[in-house]
Structure formats: structure tokens, C-alpha cells
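Right, one structure below, let's go through it.
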Amino acid sequence: MQRRDFLRGLSVAAASAVVVTPSVSFAADDKPKGSNTLSYKEALAAVTGSKTPEVSKKIALKVPEIAENGAVVPVTVEVDHPMNEDDYVKSIHIFATKNGNSRCVDAHLSPANGKAMLSTRVKLGETQEVAALVELSNGTFLIASQSVKVTIGGCG
């Protein structure tokens with residue numbers, strides 16, 4: 001008799017948990033809200049500590065000019081910089097300037113990587129700039145950006 005009471009209590013608890021648990025909302029908000037939302041300027045300042053990055057041709061940013069589907073946009077960043085113990089690329093950050101959370105990728109490197117390169121895919125909600133921010137071991141920041149025209153948004 002105790003086993004039946006236990007199972008009955010367990011099923012009642014499970015049913016009430018399903019009723020109480022909030023469900024996914026499909027509200028028609030344009031921008032996501034909450035602690036995960038960072039504009040491009042806020043995200044850039046969070047990474048750089050409000051330092052001004054220098055536009056550099058040492059960064060080879062490869063993204064398509066036109067992305068048919070914004071859900072999977074390939075991005076490749078290569079930095080023409082030595083990877084020595086004293087002078088190396090410390091990190092590569094990728095930003096999408098008009099996404100709700102513009103900070104897409106943060107990759108941290110060391111001299112053991114041998115080459116400063118990153119290849120990934122990002123989501124783009126609309127036509128916008130994709131920016132690659134590079135932090136060097138001496139604390140300076142380099143940046144490069146390119147515009148991407150999105151025909152089908154990937155964040156909606």
C-alpha cells in the first residue's frame with residue numbers, strides 16, 4: 001500500500017510541476033531582452049575596457065558579401081602577427097553589430113597555437129557589419145570589419 005501512495009504522490013508532483021513550469025513564449029519582440037543582451041558598443045567596451053581599437057590590415061576577415069541564410073554565415077579570421085612567447089595574438093573576438101547580443105565568438109590563444117586563425121559560423125538576424133577584434137599580448141587591440149547582406153534572417 002505504501003508503494004501505491006508513493007507513486008500516486010510522485011505523479012501528482014510531476015503533474016503540478018508541468019503546470020507550474022513556465023512555457024516558451026513566442027512573443028513578437030524585435031530585440032531579445034534580459035542580461036544576455038549587449039549592443040555592439042557595450043560588447044566592444046566590455047572586451048577592450050573602453051580602449052579604442054586600431055583599424056588594421058593585418059587582420060584578414062573573410063565573410064560572404066551576401067549570405068543566403070543568416071542562420072549559418074561562415075567567418076574566417078587570420079591575423080598576420082608572430083606567435084612568439086613575448087609577442088603573440090592573445091584573443092580573437094567576432095561581433096555582429098546589429099544582433100540582439102552582438103558578441104558572437106571569443107577565442108583565446110597562446111603561442112602554442114602557432115598561427116592566429118579562427119574559422120566558425122555565426123547567426124546574423126539582418127544585413128549588418130561583422131567585426132573581428134584582435135587582442136595582442138601587449139594589451140593593444142586591432143579591428144577589421146566587413147558588411148554582410150542577409151537575404152533570410154537567422155535569428156528570427
Side-chain angles (χ1 to χ4, degrees), residues 17-156:
V18 170
V19 172
V20 174
T21 305
S23 61
V24 177
S25 173
F26 294 104
D29 289 336
D30 288 343
K31 299 279 182 186
K33 294 179 176 39
S35 61
N36 200 24
T37 303
L38 280 175
S39 71
Y40 174 63
K41 287 182 182 181
E42 292 170 335
L44 195 63
V47 173
T48 63
S50 299
K51 292 180 183 175
T52 304
E54 176 187 333
V55 176
S56 176
K57 296 202 182 264
K58 289 184 174 186
I59 302 172
L61 174 62
K62 298 175 189 168
V63 292
E65 290 181 18
I66 299 174
E68 290 184 24
N69 186 352
V72 287
V73 179
V75 178
T76 301
V77 180
E78 289 188 55
V79 186
D80 182 23
H81 192 81
M83 293 295 280
N84 304 324
E85 287 293 324
D86 299 331
D87 187 21
Y88 62 95
V89 174
K90 188 175 179 180
S91 60
I92 299 173
H93 307 272
I94 298 176
F95 299 92
T97 59
K98 291 186 182 177
N99 279 2
N101 183 0
S102 66
R103 198 167 171 177
C104 298
V105 177
D106 299 315
H108 301 280
L109 308 173
S110 75
N113 288 100
K115 186 174 183 180
M117 183 195 158
L118 171 69
S119 186
T120 188
R121 294 176 189 264
V122 298
K123 282 187 175 186
L124 300 178
E126 60 183 284
T127 298
Q128 60 189 295
E129 294 263 327
V130 172
L133 177 72
V134 173
E135 181 180 4
L136 302 178
S137 59
N138 63 7
T140 60
F141 291 92
L142 307 175
I143 195 166
S145 62
Q146 185 176 331
S147 181
V148 179
K149 182 178 179 188
V150 177
T151 56
I152 300 172
C155 294

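All residue numbers in this chain count up from 1 along the given sequence. In this text, all values refer to a predicted model and were calculated from it rather than measured experimentally.
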From [X] [atom1] over to [Y] [atom2], what is the distance, rounded to the nearest 0.5 angstrom?
X	Y	atom1	atom2	answer
Ser56	Leu61	OG	CG	12.0 Å
Lys90	Glu135	NZ	CD	4.5 Å
Asn69	Leu124	CG	CG	10.0 Å
Leu142	Lys58	CG	NZ	7.0 Å

For Tyr40, which residues count as a ring pair (Phe, Tyr, Trp, His ring centres under 6.0 Å) partner, sequence neighbours excluded?
-> Phe95

If we ignore hydrogens and angles and just use 3.5 Å, is the side chain of [X] paired with the main-chain N or O of [Y] as donor and acceptor?
X	Y	value
Thr151	Ala67	yes
Glu129	Ser145	no
Thr48	Leu44	yes
Lys51	Gly139	yes

Closest heavy-atom pair and its distance - [X], [Y]:
X	Y	value
Val150	Thr127	N-OG1, 3.0 Å
Asn99	Gly125	OD1-N, 3.1 Å
Ala71	Lys123	O-CG, 3.3 Å
Ser137	Asp87	OG-CA, 3.5 Å
Ile59	Ala132	CD1-O, 4.0 Å
Pro74	Arg121	CA-CG, 4.1 Å

Are there more than 12 heavy atoms of other residues, nucleotides or ligands under 6.0 Å from atom CG of Asp86?
-> no

Option from Leu109, Val77, Thr76 for which side chain to side chain contact (heavy atoms under 4.5 Å, CB included) with Met117 holds | Thr76

Evaluation steps, side-chain contact (heavy atoms from CB on, under 4.5 Å), between Leu118 and Ile94 | CA-CA 10 Å; Leu118 171 69; Ile94 298 176; 3.7 Å; yes

Stepwise side-chain contact (heavy atoms from CB on, under 4.5 Å) check, Gln146 with Lys62 = CA-CA 8 Å; Gln146 185 176 331; Lys62 298 175 189 168; over 6 Å; no

Give the C-alpha distance, both sets of side-chain angles, the deciding distance and a yes or no for side-chain contact (heavy atoms from CB on, under 4.5 Å) between His93 and Asp106.
-> CA-CA 5 Å; His93 307 272; Asp106 299 315; 2.6 Å; yes

Presence of salt bridge, Arg103 and Glu42, under 4.0 angstrom | no

Ile66 and Val148: side-chain contact (heavy atoms from CB on, under 4.5 Å), yes or no, with the steps?
-> CA-CA 6 Å; Ile66 299 174; Val148 179; over 6 Å; no

